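Okay, so here's the structure we're looking at.
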2 protein chains.
Amino acid sequence: MELEDALQELDEALRRNEVITVFCSCTISYSGRAESELGEGERVIVIKQDNTVLVHQPTDSTPVNYMKDGSSIELSHDDDRLVLESRNLADKDYLQVEISDVVSLSAAKLQDGRSLQLVGTEEDMSDMIRDNPDEIGSWFTPVSREEHTAYGFMDVFGYDDEGRFVIVECKRYTAGVSAVQQLRRYVEKVQALKGVGDAKTRGVIAAPDVASNAKDMLQDWSYEHARVKPPNRQERFREKQQSLSDF
Amino acid sequence: MELEDALQELDEALRRNEVITVFCSCTISYSGRAESELGEGERVIVIKQDNTVLVHQPTDSTPVNYMKDGSSIELSHDDDRLVLESRNLADKDYLQVEISDVVSLSAAKLQDGRSLQLVGTEEDMSDMIRDNPDEIGSWFTPVSREEHTAYGFMDVFGYDDEGRFVIVECKRYTAGVSAVQQLRRYVEKVQALKGVGDAKTRGVIAAPDVASNAKDMLQDWSYEHARVKPPNRQERFREKQQSLSDF
DNA sequence: ATATAGATCTCGTCA
DNA sequence: TGACGAGGTCTATAT
């Protein structure tokens with residue numbers, strides 16, 4: 001494909017605010033929050049309708065370079081290269097793509113008002129625990145969930161059969177040291193604000209497993225591990241569908 | 001574009017292991033580590049040479065659905081829909097794309113052996129501190145950097161003018177409570193292993209700024225904040241270029 | 001605007 | 001393989 005033609009098609013597609021994909025050979029420079037260089041190679045460039053720019057190599061799931069939405073995009077023609085420059089003032093980011101050869105170019109205005117419906121997140125896990133406190137223990141009575149309080153951001157908060165505060169931190173996968181540290185922060189905050197010397201505040205990690213080092217920390221701080229698996233997603237999904245069909 | 005033709009082109013491109021982009025109208029179901037549904041809409045689907053699948057809506061920088069490399073991909077034809085199914089055994093992930101209309105399809109085998117050269121990361125910041133310990137204070141003598149030791153992963157480790165251990169945690173941006181907590185973990189570990197009752201181990205956050213709550217935590221545990229900006233990237237980049245041109 | 005935490009995080013690295 | 005931490009993280013949410 002001739003660079004001249006590519007330039008014109010790109011320019012028109014940008015003007016029409018279309019989604020664009022370009023198969024091309026290029027080099028890339030990035031400067032802003034960090035600096036990067038990428039030598040000559042064949043990539044796919046995706047430009048979206050909000051001026052998001054993604055540069056993808058032929059493998060790997062993450063873009064090798066990118067610009068976030070709201071960036072400016074300028075085209076120019078430098079000798080035998082097509083140059084695409086993008087600037088983002090908020091991040092002080094600058095991306096330059098020097099295209100030496102365009103294999104193919106596609107562009108179209110796309111309509112998509114739908115947004116993703118996702119279930120099986122940590123939030124769903126704390127929902128499940130609130131609805132089934134026995135997942136923690138028969139002694140546990142939940143009070144609130146996912147609350148941003150002065151004490152911190154606790155997944156589930158409640159009390160035990162002796163009236164002690166209980167803080168539950170949920171993790172969908174094996175909990176590591178940072179999860180225990182996170183729990184510790186909340187427990188200490190509650191402990192401090194609710195008056196020291198009172199009954200101990202209990203800390204619980206609700207997760208399918210706890211890493212070895214993290215287990216040691218749990219013991220050191222006398223926190224507990226409730227072996228809880230994330231909600232059975234297929235079931236939860238059916239629930240969601242049922243409740244939607246009620247309307 | 002006829003679905004029959006699209007099916008054949010897709011099939012051949014997959015067989016040839018090409019990078020593919022498809023502008024299309026589709027619905028998407030995902031099931032695995034979580035569950036998601038996405039109703040009918042126009043998107044760009046990118047299939048890479050390692051069978052990575054990305055589904056991009058017309059805006060936003062992150063894919064609305066995706067499958068990681070090494071997934072299987074199967075095509076089929078269900079009434080008036082083209083169905084793409086991808087499975088990843090490792091993650092037990094399953095993605096189904098039902099395509100009702102193909103706007104355009106591009107495919108090409110791409111060659112790209114280059115990898116990104118990135119500078120200006122936290123690693124560079126700890127490099128800078130090791131080379132310029134005055135950034136922390138004239139009292140600081142660094143010993144090691146980015147070391148995975150029995151004491152933990154410490155960004156910079158050293159001692160002060162009175163022989164006390166010093167642990168430095170670097171953050172490129174405003175350090176929050178979790179950064180202080182991270183520092184605390186390392187300090188306590190060193191304190192415990194090196195024998196309690198000895199001189200206090202000093203903890204230092206090296207960052208351009210510290211969030212308000214995190215400042216309180218610093219005070220509580222008598223840790224310090226060294227106001228350090230990440231290395232000037234443009235300068236650092238020039239250095240790198242100069243050193244490369246020496247060869 | 002700042003702060004906090006999750007993510008189908010991804011990716012590298014080291015034990 | 002598991003664990004741990006960084007990321008040009010990105011994204012959503014709350015203050």
Side-chain angles (χ1 to χ4, degrees), chain A residues 30-36 52 60-69 88 90-95 115-116 118-126 146-150 152-155 169-179 181-182 185-186 209-215 230 233, chain B residues 30-36 52-53 55 60-69 71 88 90-95 115-116 118-126 146-150 152-155 169-179 181-182 185-186 209-214 230 233:
Chain A
Y30 159 74
S31 174
R33 284 168 290 174
E35 305 271 336
S36 76
T52 294
D60 302 326
S61 49
T62 54
V64 69
N65 279 113
Y66 61 90
M67 292 290 281
K68 291 201 285 195
D69 64 282
N88 185 304
D91 291 330
K92 292 175 184 166
D93 279 333
Y94 171 73
L95 184 76
S115 60
L116 192 74
L118 181 71
V119 295
T121 61
E122 192 182 283
E123 191 182 340
D124 294 314
M125 194 169 167
S126 63
E146 289 275 329
E147 242 185 311
H148 297 250
T149 68
F153 190 119
M154 285 168 288
D155 287 341
E169 176 59 35
C170 301
K171 291 295 163 196
R172 298 171 58 215
Y173 305 113
T174 303
V177 285
S178 63
Q181 213 65 354
Q182 193 180 346
R185 191 160 71 239
Y186 303 147
D209 211 341
V210 175
S212 167
N213 283 352
K215 265 180 193 152
R233 291 137 181 176
Chain B
Y30 160 73
S31 173
R33 285 167 290 172
E35 305 271 336
S36 77
T52 294
V53 180
V55 180
D60 301 325
S61 49
T62 54
V64 69
N65 278 111
Y66 61 91
M67 293 289 282
K68 292 200 284 195
D69 65 282
S71 305
N88 185 303
D91 292 330
K92 291 175 184 164
D93 278 334
Y94 171 73
L95 183 76
S115 60
L116 191 75
L118 181 72
V119 295
T121 60
E122 190 183 283
E123 191 182 341
D124 294 313
M125 193 168 167
S126 61
E146 288 277 326
E147 244 186 308
H148 302 246
T149 68
F153 298 18
M154 284 165 292
D155 288 340
E169 175 61 35
C170 301
K171 291 294 163 197
R172 298 171 58 214
Y173 306 112
T174 304
V177 285
S178 65
Q181 203 84 8
Q182 193 181 347
R185 188 159 74 242
Y186 302 148
D209 212 341
V210 175
S212 166
N213 283 351
R233 291 137 183 174

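Treat the numbers as computed from the prediction; the structure is a model and nothing was measured.
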Legend entry - Residue whose closest nucleotide on DNA chain C lies nearer the 5' end, B:Asp91 versus A:Lys171: A:Lys171
Inset, instruction - In whole angstrom, give the distance that lies between atom CZ of A:Arg172 and atom C1' of C:dA7. - result: 8 Å
Legend entry - B:Arg33 CZ - C:dG6 P separation (whole Å): 17 Å
Inset, instruction - Report the residue (B:Thr62 or A:Gly176) whose heavy-atom-nearest nucleotide on DNA chain D is the more 5′ of the two. - result: A:Gly176
Legend entry - Side-chain heavy-atom pair A:Glu147, A:Met154 within 4.5 angstrom cut-off: no
Inset, instruction - Mind calculating the distance between OH (A:Tyr173) and P (C:dA7) to the nearest angstrom? - result: 8 Å
Inset, instruction - Establish, with yes or no, whether the OP1 or OP2 oxygen of C:dA3 is under 4.0 angstrom from a side-chain nitrogen or oxygen of B:Asn213. - result: no
Inset, instruction - Under 4.0 Å between any heavy atoms, over every strand shown, what does A:Glu147 touch: base, sugar-phosphate, or nothing? Just pick one. - result: nothing
Legend entry - Atom pair distance, as rounded to whole Å: NE2 in A:His148 and P in C:dG6: 10 Å
Inset, instruction - Write down the distance separating the P atoms in D:dG8 and D:dC4, rounded off to the nearest Å. - result: 22 Å
Inset, instruction - Decide yes or no for B:Gln181 and B:Glu169: does some side-chain heavy atom of the first lie under 4.5 Å from some side-chain heavy atom of the second? - result: no
Legend entry - Distance, P atom - from C:dT4 to C:dT8, rounded to whole angstrom: 23 Å
Inset, instruction - Indicate whether the side chain of B:Ser71 and that of B:Asn88 have a donor and an acceptor atom separated by less than 3.5 Å. - result: yes
Legend entry - Spacing between B:Phe153 atom CZ and C:dA15 atom P, to the nearest angstrom: 8 Å
Inset, instruction - Report the distance from atom CD of A:Glu35 to atom OH of A:Tyr94, rounding to the nearest 0.5 Å. - result: 11.5 Å
Inset, instruction - Ignoring backbone atoms, establish whether B:Tyr94 has a side-chain N or O less than 4.0 Å from OP1 or OP2 of C:dT8. - result: no
Inset, instruction - Identify whether any heavy atom of A:Glu146 sits under 4.0 Å from a base atom; if not, whether one sits that close to sugar-phosphate; answer base, sugar-phosphate or nothing. - result: nothing
Inset, instruction - Compare all side-chain heavy atoms of B:Tyr66 with those of B:Thr52 and state whether any distance is below 4.5 angstrom. - result: no
Inset, instruction - Could you tell me whether B:Met125 contacts a base, only the sugar-phosphate backbone, or nothing, with contacts defined as non-hydrogen atoms closer than 4.0 Å? - result: nothing
Legend entry - Modelled atom types, side-chain donor and acceptor of B:Ser36 and B:Asn65, under 3.5 Å: yes
Inset, instruction - Quick one: pull up OG1 in A:Thr62 and CG in B:Leu116 and give me the separation to the nearest 0.5 Å. - result: 10.0 Å
Legend entry - Contact under 4.0 Å: B:Lys68 side-chain N or O vs C:dT8 OP1/OP2: no
Legend entry - Upstream residue (5' side of DNA chain C) when B:Asn65 and A:Ser61 are each assigned their closest nucleotide: B:Asn65
Legend entry - Covered region of DNA chain D, 5' end to 3' end, by chain B [heavy atoms, under 4.0 Å]: D:dG5 to D:dT11
Legend entry - Sugar-phosphate only, base, or nothing, as touched by B:Thr174 at under 4.0 Å among non-hydrogen atoms: sugar-phosphate
Inset, instruction - Determine yes or no for a side-chain-to-main-chain donor-acceptor pair under 3.5 angstrom, with B:Arg172 supplying the side chain and B:Met125 the backbone. - result: no
Inset, instruction - Write down the distance separating the C1' atoms in D:dC10 and D:dA6, rounded off to the nearest Å. - result: 14 Å
Legend entry - d(CG, B:Asp93; C1', C:dT8) in whole Å: 6 Å
Inset, instruction - Apply ring-ring contact (aromatic ring centres under 6.0 Å, His included) to A:Phe153 and list each qualifying residue two or more places apart in sequence or on a separate chain. - result: A:His148
Legend entry - Is_stacked (B:Tyr30, C:dT8) at 5.5 Å, 30 deg: yes
Legend entry - Nearest-angstrom distance from the residue atom CG of A:Asp60 to C1' of C:dG12: 12 Å
Inset, instruction - Between A:Ser212 and B:Leu116, name the one whose nearest nucleotide on DNA chain D is closer to the 5' end. - result: A:Ser212
Inset, instruction - Could you tell me whether A:Tyr186 contacts a base, only the sugar-phosphate backbone, or nothing, with contacts defined as non-hydrogen atoms closer than 4.0 Å? - result: sugar-phosphate
Inset, instruction - Give the rounded distance in Å between these two atoms: CE of A:Met154 and P of C:dG6. - result: 13 Å
Inset, instruction - Using a heavy-atom cut-off of under 4.0 Å over every strand shown, decide if A:Ser178 touches base, sugar-phosphate, or nothing. - result: nothing
